[in-house]
Asker: 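Sharing a structure here in structure tokens format.
A quick note: this is a predicted structure, and the numbers were derived from the prediction, not measured. Chain A is the first sequence line, chain B the second, and so forth, proteins listed ahead of strands; every chain is numbered from 1.
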Amino acid sequence: MLGEIIKYRDLLFMLAMRDIRIRYKQAIMGFAWAIFMPIMAIMAGVIVKLAMSFVSGKPLDLQGITSITVKVLPWTFFVSAIKFSVNSLVSNRTLITKIYFPRETLPFGAILASLFDFFIALCSLSILLAIARVGISMHILLVPFLLIFFILFTTGLGLILSSANLFYRDVKYIVDTILMFGIFFTPVFYSSATFGRWQALLLINPIGSILEAINDSVVLHQMPDILWLSYAGLSSILIFLLGVRFFRRLEPQFAERI
Amino acid sequence: MSNVIEFNNVWKKFNRGEKLNSIRDLVPAMFGKALPLGNGGALKKEEFWALQDVDFKVEKGEVLGIIGPNGAGKSTTLKLLSGIMPPNKGEIKINGKLSALIEVTAGFHPELTGRENIYLNGTILGMRKKEIDAKFNDIVEFSELGEFIDTPVKRYSSGMYSRLGFSVAAHMEPDILLVDEVLSVGDIAFQAKCANKMRELLNSNTTIILVSHNLALVQSLCKRVILIENGKIFKEGGADEVITHYQNIVYKKEGEKLQKKIRAAEDKPKINQNTLIDISNVLISNGDLKHKNSFKGDEPISVTIEYNAKKLIEKPVFNLTIVRSDGIICCSASTSDNGALKTSEIEGNGKIKIDFGKLNLTAGTYIIRIYIWDKDMMYAYIKRNQDIFRIELENFNRQTKAVFLPKVKWEIE
């Protein structure tokens with residue numbers, strides 16, 4: 001699979017470019033779109049935090065808002081990458097039924113296009129963090145690895161869901177619904193520590209544990225919990241491999257069943 | 001010479017209805033057990049064989065034609081060759097870089113410009129970006145879309161659209177090329193260009209598989225032709241032989257269809273029922289009074305009409321017309337023609353024979369229309385429109401809509 005992907009890397013790049021171009025063509029806002037969704041999500045998070053501080057009587061702390069901002073970005077990447085990749089096979093049915101090329105380039109391309117938005121947002125975030133004087137520590141070196149885990153997990157899930165959606169179109173609707181409410185089940189607006197001994201329940205979700213680890217190393221300047229960190233890494237790799245395998249098994253039937 | 005394509009006893013199954021999958025199939029797929037691609041032999045309900053035991057080999061540099069009626073399995077064969085779907089049984093070996101001139105615009109996105117689409121479509125068809133960079137100017141020039149190359153293709157006319165698609169596809173350099181009815185793209189000038197490009201490919205030792213309904217084209221480009229019908233190889237051999245055979249099958253089917261239609265019409269009650277005279281039988285022969293249905297082009301044709309006049313009829317006029325299956329009236333003869341035959345009065349059973357001689361009709365299906373008129377041709381006693389004969393194709397060399405193919409003599413003076 002890797003060999004074929006390398007052989008068709010230009011195609012992967014072109015497909016991602018196509019998705020990006022289409023998104024920004026005939027759009028007034030242009031690249032501002034890339035940060036539109038994160039900004040909306042951050043504002044929602046701030047309102048939630050504000051409401052909680054009113055109820056509890058504690059003042060609104062800046063660090064809480066920074067944490068939300070840092071965690072929202074990967075989350076919105078996850079949402080858009082999954083949304084695009086779920087549809088990536090079905091929306092390219094003419095290609096799948098008419099031309100041969102490695103089909104994994106379609107979900108990969110969709111994820112790559114979302115990654116592009118993510119990096120634009122990430123650049124804006126770094127500037128914001130510098131202005132807010134969040135500071136920097138050795139732990140920031142962990143972030144690239146955490147992002148790689150996060151992308152692997154997203155890609156694995158994208159492969160599974162895109163091929164499942166090819167067979168059953170309701171997968172897309174189920175995924176949309178889960179993504180809409182998923183933010184409440186994931187420690188984005190709040191910290192998993194708030195839940196005390198139920199914390200593990202939130203961290204079992206690899207997204208939860210990765211987001212917390214990112215928060216630890218970027219905002220709190222501390223070493224993330226090594227146990228949960230290794231759990232997140234292992235499960236991401238596992239999901240990725242599982243996704244590749246699942247996709248590969250079903251691929252020969254794509255053209256007939258789509 | 002080595003085989004670049006081997007299609008070994010390939011079977012392909014399709015589903016007629018809507019396939020209902022169950023999640024039960026997907027779960028084992030996730031854990032390593034491959035989805036059963038059908039156990040080969042047994043057909044489930046709603047399933048049918050699109051290809052049955054199709055077996056052929058193609059040598060390097062060969063140009064193979066595949067012909068057959070719609071739904072015979074030609075496109076399925078190409079899809080299996082290009083790897084879009086796997087066979088249920090059998091094995092396909094491909095040696096070399098394969099590209100397909102099929103659905104050349106499938107990779108286009110309407111929102112993108114011509115330039116962007118050249119790159120997108122090129123990479124989808126298997127080219128590298130560098131390759132496209134190098135050929136970009138040629139592609140644009142070939143497509144004649146120079147000034148529109150930065151316009152989104154959604155603003156293109158359909159002709160421009162397919163021209164761009166063909167131009168991209170034509171600039172691939174494959175070892176094996178699959179072609180499926182793409183030469184009918186654009187206006188006449190562009191078609192000529194496409195034909196030139198094809199000829200270029202033919203001379204470049206590229207192995208080509210051509211699927212087309214244009215038999216004349218297949219004949220001029222291919223040495224060997226495969227005829228596929230109902231998913232099976234029906235005939236394989238030299239282009240002239242296979243194409244002639246296929247054309248005759250088409251004519252025969254056409255004739256049978258016509259016969260069926262006529263029979264169905266016969267069952268309907270006739271309004272113009274006249275009992276004064278009946279045609280009891282019509283015999284078509286080459287002169288020896290043995291009834292025949294199919295003739296060679298240069299065979300003499302004669303028709304004998306057996307009638308039964310219930311009353312005395314004075315000077316009836318017999319009229320006979322030969323009509324081709326597409327409605328063209330080929331020739332007509334009447335006893336009232338100058339110097340033809342003076343009929344006196346008839347009564348009871350009788351026969352009348354007309355000898356057409358060598359008609360030299362082109363291959364196809366023909367209907368004989370018979371009228372018997374009263375002496376002033378004011379009123380037809382009976383019309384008969386149900387006798388059919390066929391002219392066999394002996395050698396397919398050109399497709400013609402002409403009625404007659406007389407034996408002519410050319411001479412340079």
Asker: Would you indicate whether Tyr24(A), at its atom OH, is surrounded by more than 12 heavy atoms from other residues, nucleotides or ligands within a distance under 6.0 Å?
Answerer: yes
Asker: Test your reading of the model: is there a side-chain donor-acceptor pair from Asp10(A) to the backbone of Thr123(B), 3.5 Å cut-off?
Answerer: no
Asker: With side chains defined as the heavy atoms from C-beta onward, is the minimum distance between Ile84(B) and Thr97(A) less than 4.5 Å?
Answerer: no
Asker: Assess the residue pair Ile99(A) and Ile102(B) against the criterion (side-chain contact (heavy atoms from CB on, under 4.5 Å)); give the C-alpha distance rounded to whole Å, side-chain angles, the decisive distance to 0.1 Å, and a yes or no.
Answerer: CA-CA 8 Å; Ile99(A) 302 176; Ile102(B) 307 169; over 6 Å; no
Asker: With side chains defined as the heavy atoms from C-beta onward, is the minimum distance between Glu116(B) and Met14(A) less than 4.5 Å?
Answerer: no
Asker: Looking at NZ of Lys98(A) and OG of Ser82(B), how far apart are the two atoms once the value is rounded to the nearest 0.5 Å?
Answerer: 12.0 Å
Asker: Heavy-atom distance under 4.5 Å to chain A: side chain of Ala106(B), backbone, both or neither?
Answerer: both
Asker: Do Pro86(B) and Glu256(A) touch side chain to side chain, with heavy atoms closer than 4.5 Å?
Answerer: yes
Asker: By a 4.5 Å heavy-atom criterion (distance strictly below it), what part of Leu12(A) contacts chain B: side chain, backbone, both, or neither?
Answerer: neither
Asker: Could you tell me whether Asp225(A) atom CG has more than 12 heavy atoms of other residues or ligands within 6.0 Å of it?
Answerer: yes
Asker: Should we count NZ of Lys7(A) as having more than 12 external heavy atoms under 6.0 Å?
Answerer: no
Asker: Checking Lys79(B) against chain A: side chain, backbone, both or neither under 4.5 Å from a heavy atom?
Answerer: side chain
Asker: Quick one: pull up CZ in Arg128(B) and OH in Tyr8(A) and give me the separation to the nearest 0.5 Å.
Answerer: 10.5 Å
Asker: What distance do Ile124(B) atom CD1 and Leu11(A) atom CG have between them, rounded to the nearest 0.5 Å?
Answerer: 6.0 Å
Asker: If you draw a 6.0 Å radius around NZ in Lys197(B), do more than 12 non-hydrogen atoms from other residues or ligands fall strictly inside?
Answerer: yes
Asker: Verify the neighbour count for atom CZ of Phe48(B): are there more than 12 heavy atoms of other residues, nucleotides or ligands below 6.0 Å?
Answerer: yes
Asker: Based on non-hydrogen pairs under 4.5 Å, which of His109(B), Lys130(B), Met85(B) is most in contact with chain A?
Answerer: His109(B)
Asker: Counting only heavy atoms closer than 4.5 Å, note whether Thr113(B) contacts chain A via side chain, backbone, both or neither.
Answerer: both
